[in-house]
Amino acid sequence: MVWTLGARALATQAAPRVQVPRTSRRFGAVVALTCAGAGVTYWLCRDDAPPLPQPTRYAELTVEKSVRLPRQATDAFDPHEAPVHRLLRVRARGHIGVADTGVDDDLVRRLAIYAYYIKEPSLQVERAYTPLEMLARTDPSTLSFLVKRYADGEMSRYLHRLRPSSPVSLRGPVPTWELGTGPVPEEIVLVRGPLTQLVAGTGVSTAVQLLSNAHAGDAPSVPRLTVLYAAQSLDTLEMVPELAALQRAHPNVRIGLWTERVAARHGTVAALDGPPVPAELRAERRAWWWPASPTHFQLHLGSGDVLPLTLGRINADDLRAWSAPAVDRLVLVCGPDGFVRAMAGDKGRDLV
Ligand SMILES: Cc1cc2nc3c(=O)[nH]c(=O)nc-3n(C[C@H](O)[C@H](O)[C@H](O)COP(=O)(O)OP(=O)(O)OC[C@H]3O[C@@H](n4cnc5c(N)ncnc54)[C@H](O)[C@@H]3O)c2cc1C
């Protein structure tokens, strides 16, 4: 009404105005209301979640936990051994994991090892790191890594400096080993049989991940999985309680340990979550007249688990003793370059 009166008054002084039909006015109001409604809906429902990491896209996660291993309170076998590893747990604001690859064969999907690439922000370099668990995580928003510190390594020193609530950029998961899903019949036949992993240093992360992937959830029948794990000393062996627990839970899993030196017979081994676990090294019985000092031990853990431990390095006889005949076995090697070269020779994929 007011609008009509005003228009009439103006019409006496200026050019006549076009009267807008009532239906058009209604239409305009409906359009305006619809736009406003759409705007409010967008505002309320907008996706503020930060992007999650993809194999080809970095996303920022937050450090939730960063602890040195072994922890300071540990009763080390050798008190002079400097800790070189750190457990780093990062959290995303959503579930992260392996995209559905459409592979029907559940065993083929499980027998894979995945890594994430972490970026150093100031140098713009990235390095690969292997989450300790992938398919078997109880909290699918987190990833845990075991990181070795190299005195002159840019990325590992950066990761060791990170503290809880620090941001960290990573992309993945990227499979670093998986069975061929194409026409590779020999390989498929092989893995239906036993699989042996030779690991050293942080290569143990690949063993823990593969064992846990293989048995995650409703696992089908899994072949025999053997892990031969070498470290320089008892104090640099990591994840021993976790490996022992996997062996206890799954009759198809066997774990053997190798160290190059033994300083004492009692100490503790680091556990990822929880206090260090007391451990005792007992020499295997020999005939009383046997002259040499013992090289074969049993590592007894406070949990009641027992793992065989050999003094020295893994050799071909060990591989023969622990795994299936050569024709049937698949052997994965993971660790520092020197270890991979010693174990795999010119078969070491990255050592060309
Ligand atoms: C698939 C995959 C998974 C991995 N998973 C893990 C993991 O879970 N945990 C982990 O700690 N590491 C892991 N690594 C190793 C990791 O990616 C880094 O290589 C490691 O952290 C060292 O990076 P850096 O930048 O600190 O050291 P770098 O700067 O790369 O140097 C590392 C060491 O190598 C020496 N070096 C560097 N370049 C050369 C060269 N050309 N010749 C000889 N020596 C050289 C350096 O002096 C130093 O001692 C993984 C690697 C791969 C490929």
Side-chain angles (χ1 to χ4, degrees), residues 53 55-56 58 61 63-70 81-90 96-98 111-137 142-162 166 168-179 197-213 227 229-233 235-240 242-243 270 272 331-344 347-352:
T56 53
Y58 289 103
L61 278 69
V63 174
E64 185 173 86
K65 186 172 185 178
S66 168
V67 290
R68 215 169 60 166
L69 293 175
E81 191 77 62
V84 288
H85 295 135
R86 186 166 279 277
L87 168 70
L88 202 63
R89 185 164 296 151
V90 296
I96 47 178
V98 182
L111 289 178
I113 303 169
Y114 300 91
Y116 278 81
Y117 284 81
I118 305 184
K119 185 166 70 172
E120 209 279 1
S122 54
L123 293 174
Q124 295 293 318
V125 294
E126 65 167 21
R127 297 272 188 271
Y129 294 90
T130 309
L132 299 173
E133 287 187 323
M134 198 66 233
L135 305 181
R137 288 168 300 156
T142 61
L143 295 167
S144 298
F145 299 97
L146 181 70
V147 181
K148 179 179 177 181
R149 184 182 187 281
Y150 291 86
D152 50 357
E154 292 295 346
M155 179 60 95
S156 60
R157 283 185 301 157
Y158 158 73
L159 293 176
H160 272 240
R161 282 196 302 273
L162 293 176
S166 307
V168 59
S169 273
L170 46 80
R171 67 178 179 88
V174 176
T176 53
W177 175 78
E178 61 184 345
L179 286 169
Q197 275 188 281
L198 309 179
V199 300
T202 53
V204 69
S205 304
T206 62
V208 173
Q209 195 200 109
L210 187 63
L211 292 178
S212 60
N213 284 350
V227 176
Y229 173 23
Q232 291 197 338
S233 76
D235 299 299
T236 50
L237 280 173
E238 304 290 359
M239 315 281 304
V240 172
E242 289 77 11
L243 287 167
L272 278 194
V331 181
L332 303 181
V333 181
C334 190
D337 287 357
F339 176 79
V340 177
R341 195 174 287 115
M343 295 293 120
K347 292 200 181 81
R349 189 181 55 184
D350 299 323
L351 295 173
V352 186

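Numbering of ligands and ligand atoms starts at 1, following listing order.
- Below 3.5 Å of separation, one finds an N or O of Lys148 facing an N or O of ligand 1.
- Distances from atom 10 (C) of ligand 1 to the heavy atoms of Thr202, Leu159, Val125 show the closest one on Thr202.
- Counting heavy-atom neighbours within 6.0 Å of Gln232 CD, excluding the residue itself, gives a total of 12 or less.
- The closest heavy-atom contact to atom 7 (C) of ligand 1, among the options Tyr117, Tyr129, Tyr116, comes from Tyr129.
- When the options Leu88, Ile118, Leu146 are evaluated for a side chain to side chain contact (heavy atoms under 4.5 Å, CB included) with Tyr129, the one that passes is Ile118.
- Looking at ligand 1, you'll find an N or O of Met155 within less than 3.5 Å of one of its N or O atoms.
- The closest donor-acceptor contact from the side chain of Thr236 to the backbone of Ala231 lies at 3.5 Å or more, if one exists at all.
- A cation-pi geometry, defined here as NZ or CZ lying under 6.0 Å from the six-membered ring centre and within 45° of its normal, does not hold between Lys119 and Tyr117.
- Residue Thr176 has at least one heavy-atom neighbour below 4.0 Å for each of these atoms of ligand 1: 1 (C).
- In terms of heavy-atom proximity, Arg171 sits nearest to Pro53 at CA-CB, 4.2 Å.
- Nearest to atom 46 (C) of ligand 1 by heavy atom, out of Asp152, Val147, Leu132, is Asp152.
- Considering only non-hydrogen atoms, atom 14 (N) of ligand 1 lies nearest to Ala128 out of Ala115, Pro336, Ala128.
- Checked against a 3.5 angstrom limit, the closest N/O atoms of Tyr150 and ligand 1 fall outside it.
- Contacts of Thr206 with ligand 1, taken as heavy-atom pairs under 4.0 Å, are absent altogether.
- In this structure, the side chains of Thr130 and Thr176 stay at 4.5 Å or more apart for every pair of heavy atoms.
- Residues Val125 and Met155 come closest through the heavy atom pair O-CE, 3.4 Å.
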